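To keep things clear, I will list the structure first and then write my remarks on it.
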Amino acid sequence: MHILFNGLTMVLELAAICAVAWAGFTAPLIFAAGTALIALGVGAALEIARLKYEFPFYFDRTPGRSIIFIVAVGVIESVTKAILAGVVGLLTFLGTDQERLKLVAIIFAVSLFLGVQVVRFLMDRLKARPLRWGYFRLAAPLGLVFSAGLTFIPAPGITELATRATFDLPAKPTMEQASEFLFLLKQSFDDIVVRMLSWVFDPSLAQAIGAVVSVNMLSGFVLALYAVLIAEGIRTLERREP
């Protein structure tokens, strides 16, 4: 019975990961809006809880009436992160090149899978709380994984990018066209950074540094958000195991 239950949780975990990536690929606008709302709902409580613990660390006094300040700061931080999550989610999956978007969705799903495994490992070995630990600590490593994965997508040269901006991009581009161009612009900028770093460092090291400083690192927060939610869901199911 225990083996069957573990198999079921693994299937549900993979299904949830694929569902998130599929939602981003097929409905980027809904995905972005949903991500922003989830980030706001989850983040507000966590940000306020974190600030309550941090207040005595910074100030030699109890929170007292400062709880109003703590709540206000927590809400502002969660709203800011929610907007960022929505924008990043939209730019990640919105575009016109379907083949490129499919590859991005696959890289996103693989990164999300790794994130869920890290959270589950820490849950089992260190009794980590998925939401608390993952929300604040998982964004950077997952952003790095995702950014490194996107380095395999060819970047357009400056000439090609200028040609697209001049001849292919209309005066009033759609959201899909604008997002596609922004993605290509990011890839081109990252490629320039890697080329410049290659003047000083070994090409493989330059590629690694380029992935760290890439704007694609911002996607790590979106990945971390869904990774902790999936891990928390699996944790809840395991606690109810018959």
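Only a predicted model underlies this, so the values are computations on that prediction, with no experimental measurement involved.
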Q: Return the set of residues passing side-chain contact (heavy atoms from CB on, under 4.5 Å) with Asp124 (not counting sequence neighbours), or none when no residue passes.
A: none

Q: Following the transitive rule for hydrophobic clusters with a side-chain heavy-atom cut-off under 4.5 Å over Ile, Leu, Val, Met, Phe, Trp and Tyr, establish whether Phe201 and Val194 coincide in one cluster.
A: no

Q) Going from OG on Ser219 to CG on Leu84, what distance comes out if it is rounded to the nearest 0.5 angstrom? A) 9.0 Å

Q: Tell me, yes or no, whether the heavy-atom count around Arg137 atom CZ, taken from other residues, nucleotides or ligands under 6.0 Å, exceeds 12.
A: no

Q. Side-chain heavy atoms under 4.5 angstrom apart, residues restricted to Ile, Leu, Val, Met, Phe, Trp, Tyr: same cluster for Phe136 and Leu112?
A. yes

Q) About how many Å separate CG of Leu150 and CE of Met217, when rounded to the nearest 0.5 Å? A) 12.0 Å

Q | From CG (Leu122) to CG (Leu138), nearest 0.5 Å | A | 8.5 Å

Q. Is the shortest heavy-atom distance from the side chain of Lys81 to the side chain of Leu40 under 4.5 Å?
A. no

Q | Minimum heavy-atom distance between Pro130 and Ala231, given as atom pair plus value | A | CB-CB, 4.3 Å

Q | Nearest-0.5 Å distance that lies between atom CG in Leu91 and atom OG in Ser179 | A | 5.0 Å

(Q) Using every non-hydrogen atom in the two residues, find where Glu13 and Ile230 come nearest and quote the distance to one decimal. (A) CG-CG2, 4.2 Å

Q.
Taking CG in Leu29 as the centre, count heavy atoms belonging to other residues, nucleotides or ligands within less than 6.0 Å. Is the count above 12?
A. yes

Q: Specify the closest pair of heavy atoms between Ala39 and Ala82, including all atoms of both residues, with the distance to one decimal.
A: CB-CA, 3.8 Å

Q: Walk me through it: do Arg132 and Glu232 pass the test salt bridge (charged side-chain N to carboxylate O under 4.0 Å, His left out)?
A: CA-CA 10 Å; Arg132 293 189 178 186; Glu232 188 69 49; over 6 Å; no

**Q.** With Phe221 via ring-ring contact (aromatic ring centres under 6.0 Å, His included) - residues at least two apart
**A.** Tyr135

Q. What's the verdict on ring pair (Phe, Tyr, Trp, His ring centres under 6.0 Å) for Phe108 and Phe25, showing C-alpha distance, side-chain angles and the deciding distance?
A. CA-CA 10 Å; Phe108 187 92; Phe25 176 68; over 10 Å; no

Q: Please collect all side chain to side chain donor-acceptor pair (under 3.5 Å) contacts where either partner lies in residues 24-43, sequence neighbours excluded, each pair once.
A: Thr35-Tyr226

Q.
According to side-chain contact (heavy atoms from CB on, under 4.5 Å), who are the partners of Ala23, at least two apart in sequence or on a separate chain?
A. Phe31

Q.
I need the minimum non-hydrogen distance between Arg100 and Leu94, along with the two atoms involved.
A. NH2-O, 4.1 Å

Q: Please step through side chain to side chain contact (heavy atoms under 4.5 Å, CB included) for the pair Asp97 and Phe183, ending with a clear verdict.
A: CA-CA 11 Å; Asp97 188 342; Phe183 179 86; over 6 Å; no

Q. Mind checking what makes side-chain contact (heavy atoms from CB on, under 4.5 Å) contact with Leu103, not counting sequence neighbours?
A. Ile107, Ile153

Q) Can you tell me how far CH2 of Trp133 sits from CG of Leu46, rounded to the nearest 0.5 angstrom? A) 14.0 Å

Q: Scan Leu131, Ile38, Val20, Leu142 and name whichever one has a side chain to side chain contact (heavy atoms under 4.5 Å, CB included) with Leu225.
A: Ile38

Q: Determine yes or no for a side-chain-to-main-chain donor-acceptor pair under 3.5 angstrom, with Glu47 supplying the side chain and Ile76 the backbone.
A: no

(Q) Let me check something: do Phe152 and Val110 share a hydrophobic cluster, defined by ILVMFWY side-chain heavy atoms less than 4.5 Å apart, either directly or through other members? (A) no

Q: Assess whether atom CZ of Arg129 is packed by more than 12 heavy atoms of other residues, nucleotides or ligands within 6.0 Å.
A: no

Q: Sequence neighbours left out, what passes side-chain contact (heavy atoms from CB on, under 4.5 Å) with Ala32? Give chain and number order.
A: Leu90

Q) Would a hydrophobic clustering, with Ile, Leu, Val, Met, Phe, Trp and Tyr connected at side-chain separations under 4.5 Å, put Leu229 with Ile30? A) no

**Q.** Shortest non-hydrogen separation from Ala21 to Ala105 and the atoms involved
**A.** CB-O, 3.8 Å

Q. Rounded to the nearest 0.5 Å, how far does CZ of Arg120 lie from CD1 of Ile234?
A. 6.0 Å

**Q.** Worked verdict on Gln187 versus Asn216 for side chain to side chain contact (heavy atoms under 4.5 Å, CB included)
**A.** CA-CA 9 Å; Gln187 292 295 95; Asn216 294 317; 3.4 Å; yes

Q: Say whether Ile83 and Leu37 are linked into one hydrophobic cluster, either directly or through other cluster members, by side-chain heavy-atom distances under 4.5 angstrom.
A: no

